[in-house]
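The structure under discussion appears below in the form of structure tokens.
Counting begins at 1 with the first residue of the sequence.
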Amino acid sequence: TFPVASNNPVGEAKGIFPGRVVWAHDVNATNEYYVPTKSSTDFWYSDINVDEDVVKEMLSEALMKYAGTENIKDAWDAIFKAYNSSHGRGNVGYKTGEKIAFKINLTNQSCSTAERPLRMDVAPQLLNAVLHELVDNVGVAQADIFMGDPYREFRKEYRDMVMSKYPNVYYVDGAGGNGVHQTKPSVNAVLKFSNKALQSTLPQQYLDATYVINLPSLKTHNEGGITLIAKNHQGSFLEKGSDPRGQYAIKMHPYLPANSRGTRKYRHTVDYMGHEQTGGKGLIYIVDGIWGGESWEGWIKKFKSAPFNDDYPNSLFVGQDPVALESVCYDILFQEYAVDATKKNYPIQFKAEIADYLSQCASKEFWPAGVTYD
């Protein structure tokens with residue numbers, strides 16, 4: 001309830017049912033006996049530790065509950081029609097040939113081989129579930145889907161578990177190779193940050209796509225407090241003229257909560273959330289809470305708070321209103337840290353600053369003096 005009082009809405013809610021967020025929770029999604037162990041060959045992402053059939057059912061149920069339908073194809077039709085209606089494209093569903101780009105999160109395991117069993121990224125089972133929905137239920141051609149994290153490697157486990165099932169999807173990463181395409185930056189610096197300090201190219205696949213699906217992981221962050229929908233696009237920042245595999249987006253760190261304390265400060269995450277080629281193309285948002293992560297490294301942790309009760313979160317969060325969805329996930333992470341005093345208190349320590357960028361996303365009433373977000 002700090003610093004915005006509970007049940008005190010800010011801004012204009014979006015989506016089929018404005019502001020609706022659906023939370024799917026099934027304790028059978030993961031193996032509760034999994035213990036992350038350094039240098040182990042027992043990986044969190046194995047089919048022994050994640051039940052793909054359960055994940056598929058969770059996603060399908062969440063989408064139908066979000067759209068208010070009893071049929072998954074009707075749910076997708078409603079989702080596309082809501083997006084297109086809100087973007088001046090008419091009350092129309094998906095049209096054959098339209099391209100869909102993903103921003104997934106693969107940053108956590110990229111820095112250490114020995115620590116990979118301890119650090120979560122997006123669950124490959126969830127990627128398979130989403131691709132199943134788009135290909136089999138919507139009818140999107142695999143070749144019209146872009147999937148990857150612009151900097152990070154689409155690693156072997158994803159090639160083995162996802163690419164093997166959907167080989168014709170256009171997979172991208174920072175380096176390319178092994179059947180994966182290297183991220184192609186846009187020719188122009190199309191993202192001009194609203195404080196006028198920096199500009200950025202964006203992955204060309206965003207510009208070529210009609211729709212973007214932002215699929216972040218449920219985790220906290222040292223400097224950002226949380227790292228969900230808005231900050232997932234930190235991995236979309238491409239400095240003009242630089243090789244995608246060497247990107248770091250360190251120039252954006254000064255605007256994160258830990259480095260810019262207080263409220264009504266410029267927040268670059270508002271630009272990520274709202275730019276026409278990133279959040280502006282957001283068809284649907286799916287937060288991967290199958291596993292829960294702590295810190296930028298994504299250390300896999302069981303959640304002590306209810307309803308998790310010392311189990312992995314086993315959750316998915318779905319909606320078309322990114323501010324509402326991120327706010328719900330923030331509440332969950334905040335509560336988890338409030339009940340466990342042994343953990344570093346990122347979401348609690350930076351509560352005002354996290355609420356600052358969410359409020360600024362929702363309403364210009366909270367924008368800092370001298371800044372006009374475009």
Using the benzene-type ring in the case of Trp, are the ring centres of [X] and [Y] under 6.0 Å apart?
X: Y66; Y: W76; result: no
X: F237; Y: Y151; result: no
X: H221; Y: Y346; result: no
X: F308; Y: H25; result: yes
X: F80; Y: Y211; result: yes

Would you mind reporting whether [Y] and [X] have side-chain heavy atoms less than 4.5 Å apart?
X: K240; Y: Q199; result: no
X: M147; Y: I104; result: yes
X: F102; Y: Y206; result: no
X: I79; Y: L283; result: yes
X: Y158; Y: E153; result: no
X: Y170; Y: Q205; result: no
X: N137; Y: H132; result: yes
X: I354; Y: I226; result: yes

Answer yes if [X] and [Y] sit in the same cluster of Ile, Leu, Val, Met, Phe, Trp and Tyr residues linked by side chain heavy atoms under 4.5 Å apart, and no otherwise.
X: V122; Y: L118; answer: no
X: V22; Y: V54; answer: yes
X: F43; Y: F154; answer: yes
X: L256; Y: Y357; answer: no
X: V180; Y: Y166; answer: yes

What is the minimum heavy-atom distance between [X] and [Y], and which atoms define it?
X: W23; Y: S315; result: NE1-OG, 3.0 Å
X: Q277; Y: L207; result: OE1-CA, 3.5 Å
X: A78; Y: A67; result: CB-CB, 4.2 Å
X: A352; Y: T263; result: O-CG2, 3.8 Å
X: S305; Y: V339; result: CB-CG2, 3.7 Å
X: P167; Y: Q142; result: N-OE1, 3.3 Å

*If you measure from CE on M58 to CG on L316, what distance do you get to the nearest 0.5 Å?*
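Here the rounded value is 4.0 Å.
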_I need the I48 CD1 to Y34 OH distance, nearest 0.5 Å._
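OH of Y34 is found 11.0 Å from CD1 of I48.
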*Take R20 and D321, measure what salt bridge (charged side-chain N to carboxylate O under 4.0 Å, His left out) needs, and give me the verdict at the end.*
CA-CA 7 Å; R20 173 176 288 188; D321 186 325; over 6 Å; no
Between [X] and [Y], do the side chains contain an N or O donor and an N or O acceptor separated by less than 3.5 Å?
X: D271; Y: H275; value: no
X: N232; Y: N214; value: yes
X: D26; Y: N28; value: yes
X: Q234; Y: Y272; value: yes
X: S260; Y: Y266; value: no

*Assess whether side-chain hydrogen bond (donor to acceptor under 3.5 Å, both in side chains) is satisfied between D243 and Q182, documenting all intermediate values.*
CA-CA 10 Å; D243 190 317; Q182 185 179 30; 3.2 Å; yes
*asked:* For a side-chain hydrogen bond (donor to acceptor under 3.5 Å, both in side chains) check, start with the C-alpha distance between N31 and D51, then their side-chain angles and the critical distance, and finish with the verdict.
replied: CA-CA 8 Å; N31 173 14; D51 190 322; over 6 Å; no
Given 3.5 Å as the limit, does a donor-acceptor pair link the side chain of [X] with the main chain of [Y], or not?
X: R119; Y: W299; answer: no
X: D121; Y: N108; answer: yes
X: T201; Y: L238; answer: yes
X: N91; Y: S85; answer: no
X: E98; Y: K95; answer: yes
X: E326; Y: A230; answer: yes
X: E294; Y: K219; answer: no
X: D42; Y: S40; answer: no
X: N222; Y: W296; answer: yes
X: T30; Y: E32; answer: no

Under a 4.0 Å N-O cut-off, is there an ion pair linking [X] with [Y]?
X: K265; Y: D356; result: no
X: K99; Y: D208; result: no
X: K81; Y: D77; result: yes
X: K251; Y: E239; result: yes
X: D173; Y: R155; result: no
X: E336; Y: K302; result: no
X: R116; Y: E157; result: yes

*asked:* Which residues pass the side-chain hydrogen bond (donor to acceptor under 3.5 Å, both in side chains) test with N128, not counting sequence neighbours?
replied: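 With sequence neighbours excluded, N128 shows a side-chain hydrogen bond (donor to acceptor under 3.5 Å, both in side chains) to E52, given in chain and number order.
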*Passes ring pair (Phe, Tyr, Trp, His ring centres under 6.0 Å), W367 versus Y373? Steps please.*
CA-CA 8 Å; W367 291 358; Y373 291 100; 5.2 Å; yes
*Begin with the C-alpha distance, continue with both residues' side-chain angles, and end with the deciding distance and a verdict on side-chain hydrogen bond (donor to acceptor under 3.5 Å, both in side chains) for D374 and S194.*
CA-CA 6 Å; D374 180 4; S194 298; over 6 Å; no
*asked:* If we check side-chain contact (heavy atoms from CB on, under 4.5 Å) with F317, which of these qualifies: I286, L218, I229?
replied: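 Only one of I286, L218, I229 forms a side-chain contact (heavy atoms from CB on, under 4.5 Å) with F317, namely L218.
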*When the ring planes of H268 and Y255 are compared, do they come out parallel, tilted or perpendicular, using 30° and 60° as the limits?*
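Rings of H268 and Y255: tilted, as their planes differ by 30° to 60°.
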*Please assess W291 against F303 for the test ring pair (Phe, Tyr, Trp, His ring centres under 6.0 Å), listing each intermediate value before the final yes or no.*
CA-CA 9 Å; W291 302 98; F303 280 21; over 10 Å; no
